[in-house]
Participant: 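Questions regarding the structure given below will be posed in turn.
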Amino acid sequence: MADHMEGEGTLLEQQPKDASSSESKTDVTVTEEKKRWGDVEFDDDKKDDKVSDAVDISSLKISEEGVVDRAEAVLKSDGVMDAVDSDDSNIRAVTAGDTPYTSAKTFEELNLSPELLRGLYSEMGFEKPSKIQAISLPMILTPPYQNLIAQAHNGSGKTTCFVLGMLSRVDPKIAAPQALCVCPTRELAMQNQEVLVKMGKHTGITSVCAVPTDAGNYVSTSRRGPVNDQVVIGTPGTLKKWMSTKVLSTRHIKILVFDEADHMLAQDGFQDDSLRIIRDIQKNRDDCQILLFSATYDENVKQFTTRVISKANQVFVKKEDLSLDVIKQYLVKCPDELAKVEVLKDRIFPLAEKLGQSIIFVRTRENASMLHSKLEAEGYKCTSIQGGLKLEDRDRVIKEFRTGLTKILISTDVLARGFDQAQVTLVVNFDLPVKHASPDPDYEVYLHRIGRSGRFGRKGAAFNFICNDRDERIMSKIERYFERQVPEVPWDSEDAFEAVLKDAGLA
DNA sequence: AAAAAAC
């Protein structure tokens, strides 16, 4: 096993066992060295554009044996690790400093407190670290507490990484916020806090969720005393508000986490808010450890984050390896926009009933509520969620879905990222994800959406509805980008849908 | 012509 991550340009030897484990993805062209992972462009015209990056991991190559070849000058002072094990595909780590890290086979190796270990085993039911946890936890927990930019597959346990990081770096005896986690949506912030509460049950560490509250539960910032919980998890607006009104002191913050970090640092995401939070904290202490976690980092964001987050250890996954093959993807050509509803009713719903839970993604708030009322009017039981709903309605819809009361949830991209519900087996892209004001697909959102199924190794299926040339172009771009062929299911064949279910291992 | 977010 490639267990060591050593400094000073030491490269790790892959044992034969590791090399052979790439069999789980034989359809992936790992051996095509000409394709540099992480490139946004499919072709390699741009190959020479960014060769001079300080920590350009992409200049590493994987040879046929799965061995990491020595990169030219780039990694002279960096440690490299290429981890491949039964988990699945390659995760690639590059360290920024001289600190050697050893990947953690067990949670015991991490010097966690007994209380925290107890939380991991008895509350969370974990046995051993997943791959991303094995690699990133030593990086997070070993002094001098370097920054980290981490990428790992959807549903692979990223939340555990940063929650564990926060819990073990925080001192429960100090009644002041020491860890801060910034999330893109209210739902995700609340979900993350629930994980933290559960995992930290025996630690005595307390936390608070900094998210908007509905009028009924509203506490004005002027009346709210300063936060004295050790961990704060929230969304940018509320966090900024709390910080500016001194409700949240940043003086003791020593670990700052961005969940869905690519979105939090993207220009058309929360870049401004995030940078302000970073600067605000660094004003007080420049040794605050910053952790970035996401399943996706497009090339722009990757460039930006590596520039903005200094001296960061990096853990990345090739984009071709990112598409989870446990989630079977299909496309359904619908004759027209109206037929999409029929396909949903006649083909998807009968399956969905037997299969657990489903999420139907649409592009706009309006589409969400229109589709919802249309289906409801015809007697189908489903709910919908989007950012325009009242907070209490959002909470109720989520709760009903969490408890399994509702099986089918229509959603905008408010739930595209991070939402973790093990019972979700089916995702439908009723509208394909497209970038704003552009004919291009949003590859990242696509991956995040379908990743709502197949959580932690479970099986899942995703149906993409296509009803015009534009959709076809978008879909084929997605196929090329992730190097996956997405087979068609004929919309008018009930048998075909049944067969597909079997194929996906869900029948 | 977007979603999200205490705008």
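As the structure is a computational prediction, the values presented were derived from the model and not from experiment. Only heavy atoms go into these numbers, but all of them, side chains included; no hydrogens, no water, no symmetry mates.
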Participant: Tell me which residues in residues 266-282 of chain A lie within less than 4.0 Å of DNA chain B, going by non-hydrogen atoms.
Facilitator: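 Those residues whose heavy atoms fall under 4.0 Å from DNA chain B, taken from residues 266-282 of chain A in numerical order, are A:Asp268, A:Phe270.
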Participant: Taking heavy atoms of chain A and a 4.0 Å limit, find me the 5'-most and 3'-most nucleotide of DNA chain B within that range.
Facilitator: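 Both ends considered, the range comes out as B:dA1 to B:dC7.
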Participant: Contacts to DNA chain B from residues 233-251 of chain A, heavy-atom cutoff under 4.0 Å, which residues?
Facilitator: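 Of all residues in residues 233-251 of chain A, the ones placing a heavy atom under 4.0 Å from DNA chain B are A:Thr235, A:Pro236, A:Gly237, A:Thr238, A:Lys240, A:Lys241.
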Participant: Return yes if some donor-acceptor pair links the side-chain N/O of A:Glu342 with the main-chain N/O of A:Ala339 below 3.5 Å, else return no.
Facilitator: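 Checking the backbone N and O of A:Ala339 against the side chain of A:Glu342, no donor-acceptor pair under 3.5 Å is found.
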Participant: Counting the atoms with a prime plus P, OP1 and OP2 as sugar-phosphate, which does A:Phe361 contact under 4.0 Å by heavy atoms, base, sugar-phosphate, or nothing?
Facilitator: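 The answer is nothing, as A:Phe361 stays clear of every strand by at least 4.0 Å.
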Participant: What side-chain hydrogen bond (donor to acceptor under 3.5 Å, both in side chains) pairs are there with at least one residue in residues 455-468 of chain A, not counting sequence neighbours?
Facilitator: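 Counting only pairs at least two positions apart or across chains, the side-chain hydrogen bond (donor to acceptor under 3.5 Å, both in side chains) contacts touching residues 455-468 of chain A are A:Asp420-A:Arg455, A:Asn429-A:Asn464, A:Tyr446-A:Asn464.
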Participant: Could you pull out all residues at least two apart from A:Lys354 that satisfy side chain to side chain donor-acceptor pair (under 3.5 Å)?
Facilitator: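 In terms of side chain to side chain donor-acceptor pair (under 3.5 Å), with neighbours along the sequence ignored, A:Lys354 is linked to A:Glu498.
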Participant: With a 4.0 Å cut-off on heavy atoms, is A:Thr213 in touch with a base, just the backbone sugar-phosphate, or nothing at all?
Facilitator: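 Touches nothing.
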Participant: With a 3.5 Å distance limit and no angle check, can you tell me whether A:Glu376 reaches the backbone of A:Lys381 through a side-chain donor-acceptor pair?
Facilitator: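 Flag not set: sc A:Glu376 to bb A:Lys381 has no pair under 3.5 Å.
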Participant: Examine A:Lys319 relative to A:Phe482 and say whether NZ or CZ is less than 6.0 Å from the centre of the six-membered ring and inside a 45° cone about the ring axis.
Facilitator: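 No cation-pi geometry.
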Participant: Filter on ring-ring contact (aromatic ring centres under 6.0 Å, His included), then keep only pairs touching residues 252-289 of chain A, sequence neighbours left out; what's left?
Facilitator: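 Sorted pair list: A:His263-A:Phe270.
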Participant: Is a salt bridge present between A:Glu472 and A:Lys333, judged by a nitrogen-to-oxygen distance below 4.0 Å?
Facilitator: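 The answer is yes: the pair qualifies as a salt bridge.
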Participant: Taking only heavy atoms on the protein side, list every residue of residues 460-471 of chain A lying under 4.0 Å from any atom of DNA chain B, sorted numerically.
Facilitator: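 By residue number: none to list.
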Participant: Judged by atom type as modelled, is there a donor-acceptor pair below 3.5 Å linking the side chain of A:Asn147 to the main-chain atoms of A:Ile290?
Facilitator: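 Judged by distance alone, yes, a pair lies under 3.5 Å.
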Participant: Applying a 4.0 Å non-hydrogen cut-off, can you work out what A:Arg394 is touching in the nucleic acid: base, sugar-phosphate, or nothing?
Facilitator: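 Sugar-phosphate only.
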Participant: Could I get the full list of side chain to side chain donor-acceptor pair (under 3.5 Å) partners for A:Asp492, not counting sequence neighbours?
Facilitator: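 For A:Asp492, no residue satisfies side chain to side chain donor-acceptor pair (under 3.5 Å) once neighbours in sequence are set aside.
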Participant: With A:Asp395, which residues qualify under side chain to side chain donor-acceptor pair (under 3.5 Å), at least two apart?
Facilitator: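 If we apply the side chain to side chain donor-acceptor pair (under 3.5 Å) test to A:Asp395, skipping adjacent residues, the hits are A:Arg186.
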Participant: Determine the interatomic distance between C1' on B:dC7 and the same-named atom on B:dA3; round to the nearest Å.
Facilitator: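 Taking atom C1' in both B:dC7 and B:dA3, they lie 15 Å apart.
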Participant: Return the set of residues passing side chain to side chain donor-acceptor pair (under 3.5 Å) with A:Asp346 (not counting sequence neighbours), or none when no residue passes.
Facilitator: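 Side chain to side chain donor-acceptor pair (under 3.5 Å) list for A:Asp346, sorted by chain: empty.
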Participant: Could you give all pairs that pass the ring-ring contact (aromatic ring centres under 6.0 Å, His included) test and reach residues 321-364 of chain A, with sequence neighbours left out?
Facilitator: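 Non-adjacent pairs meeting ring-ring contact (aromatic ring centres under 6.0 Å, His included): A:Tyr330-A:Phe463, A:Phe349-A:Tyr380.
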Participant: For residues 161-178 of chain A, run the donor-acceptor check on the side chains, cut-off 3.5 Å, and write out each pair with its distance to 0.1 Å, sequence neighbours left out.
Facilitator:
| unit_1 | atom_1 | unit_2 | atom_2 | d |
| --- | --- | --- | --- | --- |
| A:Ser168 | OG | A:Leu164 | O | 2.8 |
| A:Arg169 | NH1 | A:Lys254 | O | 3.4 |
| A:Arg169 | NH1 | A:Gln289 | OE1 | 2.8 |
| A:Asp171 | OD1 | A:Lys173 | N | 2.8 |
| A:Gln178 | OE1 | A:Asp171 | N | 2.7 |
| A:Gln178 | NE2 | A:Asp171 | O | 3.1 |
| A:Gln178 | NE2 | A:Ile174 | O | 3.0 |
| A:Gln178 | NE2 | A:Ala176 | O | 3.0 |

